[in-house]
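Both backbone and side-chain heavy atoms feed into the values below; hydrogens, waters and symmetry mates do not. If you read the sequence from its start, that first residue is 1, and numbering goes on from there. All ligand and atom numbering here is 1-based and tracks the order in the structure.
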Amino acid sequence: MIEPLRKSTREEREQWLKEAHYNVFQLRSEQVYIDLLTDSGTGAMSDRQWSQLMLGDESYAGATSFYNFEGVVKKLFNFKYVIPTHQGRAAENVLFSYLVKEGNVIPGNAHFDTTKGHIESRKAHAIDVTTDEAKNTQLEVPFKGNVSIEKLTKVLEDNKGNVPFMVLTVTNNTVGGQPVSMKNIEETCALCHKYGVPVVMDSARFAENAYFIKTRELGYADKSIKEITAEMFSHVDGMTMSAKKDGLVNMGGFIATNNEDWYQGAKLFCIPFEGYVTYGGMNGRDLNALAAGLDENTEFDMLETRIHQVAYLAKKLDEYGIPYQRPAGGHAIFVDADKVLDQVPIEEFPAQTLTCELYLEAGIRACEIGYMLADRDPETRENRFGGLDLLRLCIPRRVYTDNHMDVIAAALKNVYDRRHEITRGVAIEWEAPLMRHFRAHAPLIKKRDRMGL
Ligand SMILES: *Cc1c(COP(=O)(O)O)cnc(C)c1O
């Protein structure tokens with residue numbers, strides 16, 4: 001399946017970006033030339049998946065498509081209980097509605113934004129326990145997504161009896177699609193279990209994580225992705241999954257666990273929020289396509305092709321000297337915007353500014369994973385400037401060619417070459433109280449001011 005791309009002029013893009021309140025989430029897809037906003041639901045399905053759509057069973061309850069999907073999930077992850085949901089955040093909503101109480105503390109390695117949203121909106125606290133190595137973008141270590149055992153110990157020790165579970169995110173999306181090692185998964189789970197705390201794996205990119213374990217961790221080179229997957233999940237108590245990423249479908253998600261109490265509790269929330277427990281907001285045909293997608297994306301060749309394309313883009317950026325979170329992650333390149341636009345003060349959101357500049361340059365829509373997304377502290381309402389400020393170039397699965405990677409790199413180089421002229425960033429004019437990055441209005445501070453005139 002192919003789609004046409006639409007080119008545009010700089011003048012058109014200036015007008016469109018203005019109409020979008022300088023927030024690329026508010027652009028129309030026709031206004032975008034190459035769309036790197038996300039790899040979520042934007043992949044192309046295979047011939048096998050399309051053929052599975054035709055076999056979808058749309059029965060309200062007990063559809064064959066559900067049992068087909070459930071069978072694949074049970075086989076890959078070895079969990080007894082499986083609940084489909086319409087996407088990852090819905091899985092979080094259903095499970096967390098049962099597990100999270102006001103005042104709880106939920107440690108995790110850089111909680112994803114919706115995960116954090118579902119914790120904080122229930123007046124609980126998401127505490128980041130990612131290794132400090134992740135904060136230094138230029139440091140080349142193989143497993144930058146790891147949990148800091150020291151930080152996790154402190155949180156568990158200080159909050160005994162108040163931690164309903166820990167969230168282990170693989171790959172660690174927020175710090176750059178960086179993997180977690182098998183050794184770290186094992187140690188993290190052992191530590192949590194010592195404190196009687198169960199572990200939920202936030203599994204959106206589990207297959208990419210398994211690929212990195214195979215290619216980077218001693219002792220796994222000869223194991224298959226499916227064997228590594230089974231081992232990863234053998235340590236945890238349950239999973240939430242956004243199937244829009246490593247499930248290779250446009251929409252879908254699920255919860256799986258061996259914990260019968262969680263299963264019974266989650267079902268209570270699945271039915272009113274998502275639908276009956278054998279469809280959970282998904283069509284039968286989509287459950288079938290997801291079953292095929294999970295099977296395909298746990299094959300080494302598929303993952304290698306994808307991750308090599310991301311590495312190809314990284315190599316181009318190396319040629320141009322553009323700094324990004326090293327080494328290249330699984331699904332995206334995360335450009336270190338603070339280093340590129342080092343004259344833009346952090347209060348003016350360098351990564352958000354770079355997102356606007358790249359769109360104006362070439363119609364490429366990237367995504368800010370930085371101070372805008374970090375949002376405000378729910379109590380003090382201060383901006384959270386403590387983390388990384390990154391521009392994410394996210395690569396959809398099986399969609400673009402290496403030629404597109406060349407265009408992306410060249411466009412970014414053009415912005416990089418005139419980075420010294422960019423001294424002012426954006427100013428937030430309006431923001432929502434939660435997850436502001438999706439809808440915020442944040443115009444570029446006027447050209448006149450930007451040139452210091
Ligand atoms: C995408 C994602 C989610 C949320 O899933 P949706 O399908 O977008 O609702 C949760 N966690 C991680 C790590 C993700 O990447």
N/O pairs closer than 3.5 Å, ligand 1 and protein:
| residue | atom | partner | partner atom | Å |
| --- | --- | --- | --- | --- |
| ligand 1 | 5 (O) | Ser242 | OG | 3.3 |
| ligand 1 | 7 (O) | Gly88 | N | 2.9 |
| ligand 1 | 7 (O) | Ser242 | OG | 2.6 |
| ligand 1 | 8 (O) | Gln87 | NE2 | 3.4 |
| ligand 1 | 8 (O) | Arg89 | NH2 | 2.9 |
| ligand 1 | 9 (O) | Gln87 | NE2 | 2.8 |
| ligand 1 | 9 (O) | Gly88 | N | 3.3 |
| ligand 1 | 9 (O) | Arg89 | N | 2.7 |
| ligand 1 | 9 (O) | Arg89 | NE | 2.7 |
| ligand 1 | 11 (N) | Asp202 | OD1 | 3.0 |
| ligand 1 | 11 (N) | Asp202 | OD2 | 2.8 |
| ligand 1 | 15 (O) | Asn173 | ND2 | 3.3 |
| ligand 1 | 15 (O) | Arg205 | NH1 | 3.0 |
| ligand 1 | 15 (O) | Lys245 | NZ | 2.8 |

Say you draw a straight line from OG1 of Thr188 to CD1 of Ile149; how long is it, rounded to the nearest 0.5 Å? 4.0 Å
Any salt bridge between Lys116 and Asp375, counting N to O under 4.0 Å? no
Which atom pairs, one a donor and one an acceptor, fall under 3.5 Å between side chains of residues 25-33 and the rest of the protein, sequence neighbours left out?
| residue | atom | partner | partner atom | Å |
| --- | --- | --- | --- | --- |
| Gln26 | NE2 | Arg439 | O | 3.0 |
| Gln31 | OE1 | Arg28 | N | 2.9 |

Contacts of Asp336 that satisfy salt bridge (Lys or Arg N to Asp or Glu O under 4.0 Å) - sequence neighbours left out: Lys339
Do Phe334 and Tyr324 have side chains that approach each other closer than 4.5 Å (heavy atoms only, starting at C-beta)? no
Partners of Tyr400 by side-chain hydrogen bond (donor to acceptor under 3.5 Å, both in side chains), sequence neighbours excluded? none
